[in-house]
Every structure is written in C-alpha cells, then in structure tokens.
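One structure is given here, and the rest of the page talks about it.
Just so we're on the same page: letters track the sequence lines, and every chain starts at 1.
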Amino acid sequence: MPATRKIFEDVYEVARLIPFGRATSYGAIARYLGINARTVGWAMNSLPTGHDVPAHRVVNTKGILTGAAAFNPESPMEKLLKEEGIRVEKNRITDFQKVFWDPSEEL
DNA sequence: ACCATGACGGTGT
DNA sequence: GACACCGCCATGG
C-alpha cells in the first residue's frame, strides 16, 4: 500500500481481530499501531454505515462505552456486549479487566 | 502552514 | 468513584 495509507484502515483491521466475548481499549490499539488514542477514537467515529467492524468491543481504558451514542437505538451496545458474556452496567463494563484483550500481547 | 476538533489517557484532588 | 486538567496526534477547512 502507498505511503498515503490511512491509519483508519489499520484501526479497523485490528478491531476486526477482537475475539468474541472480549473487549479492548482505544489506547491499546493506539499503542499497537504507534499512534495516539484520540486518532483511534476518531477512526471509529468515521466508520461508514454498514461497516463490518465490531466497534461495540472497543471502549476507553475505564471500560466505559463512550461510543454507545454512535449505535442505532435499536442495537444497544450494552446488550450486544451482554450477549457475548460481558457484564455491563450503565454503559460501563464492570469486569473489564477480565475481558480485556491487548493486541500488543495477544497479537 | 495555521487553527479547531475529537468514540482518549494518565494523574491529581 | 466522580471531576478537572493537560498532553497527544491525525484529519479537515
């Protein structure tokens, strides 16, 4: 790929590798790609409609579902995570440490 | 090249 | 645990 390859593509690629029932943080992905966390968040915010990226598994370092607002009211991020066995309470993953997935270590 | 914006992170109170 | 600050880097106008 040309040098003009967008960081976004890398972010999406890593996000797609997140295993079922696990979640990671923007910072973890950022560190893995060598960029800052804000850029990762921005990449997710730029996700087009109909993307195939499990963005609901990407939260901030506190385990808070900051991007829940970006999801359709019909597909609550919270519910999606609970379906995967992740305990969520008021937009916050209570057992984040348990389901945390670090690309820098697991990848 | 400059300025504003942002699904964030770490530390201190 | 909640809140406030400041630092970081990429993209767009």
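- One side chain, A:H56 or A:E84, offers a donor N or O that lies under 3.5 Å from an acceptor on the other.
- The interatomic distance linking A:E9 (CD) with C:dT11 (P) rounds to 11 Å, in whole Å.
- Atom CG of A:N36 is separated from atom C1' of B:dA7 by 13 Å (rounded to the nearest Å).
- The side chain of A:F71 lies closest to B:dA7 when the candidates are C:dC8, B:dA7, C:dT11.
- A:D95 places no side-chain N or O within 3.5 Å of a backbone atom of A:K98 that could act as its donor or acceptor partner.
- Distance A:R31 CZ to C:dC8 P: 18 Å, rounded to the nearest Å.
- Atom-to-atom, CD1 of A:I29 to P of B:dG6 comes out at 21 Å; the value is rounded to the nearest Å.
- If you check every strand for non-hydrogen atoms under 4.0 Å, A:A43 touches nothing.
- Side-chain proximity of A:T39 to the nucleotides C:dC9, B:dG9, C:dT11 is greatest for C:dC9.
- The OH-P distance, from A:Y26 to C:dG7, rounds to 24 Å in whole Å.
- For A:S46, no side-chain nitrogen or oxygen approaches OP1 or OP2 of C:dT11 to under 4.0 Å.
- If you take CZ of A:F8 and C1' of B:dA7, they are 12 Å apart, rounded to a whole angstrom.
- When distances run from any side-chain atom of A:W42 to the nucleotides C:dC9, C:dT11, B:dA7, the shortest one goes to C:dT11.
- A:R38 CZ to A:Y26 OH: the interatomic distance, rounded to the nearest 0.5 Å, is 12.5 Å.
- Side-chain atoms of A:D52 and A:R16, non-hydrogen and from C-beta on, do get closer than 4.5 Å to each other.
- Panel note: side chain A:N72, backbone A:E74; no donor-acceptor pair is recorded below 3.5 Å.
- As a whole-Å value, the separation of A:K62 NZ from C:dG1 P is 11 Å.
- For A:A55, counting side-chain heavy atoms from C-beta on, the closest listed nucleotide (B:dA7, C:dA10, B:dG9) is B:dA7.
- A straight line from CD1 of A:I35 to P of B:dG9 spans 12 Å, rounded to a whole angstrom.
- Side-chain proximity of A:T61 to B:dG9, B:dA7, C:dG7: nearest is B:dG9.
- Using a 4.0 Å heavy-atom distance criterion, A:L65 is classed as making no nucleic acid contact.
- In the set B:dC8, B:dA7, C:dA10, the nucleotide with an atom closest to the side chain of A:N60 is B:dC8.
- In the set C:dA2, C:dC9, B:dG10, C:dA2 carries the atom at the smallest distance from any side-chain atom of A:R92.
- Residue A:T66 places at least one side-chain N or O closer than 4.0 Å to OP1 or OP2 of B:dC8.
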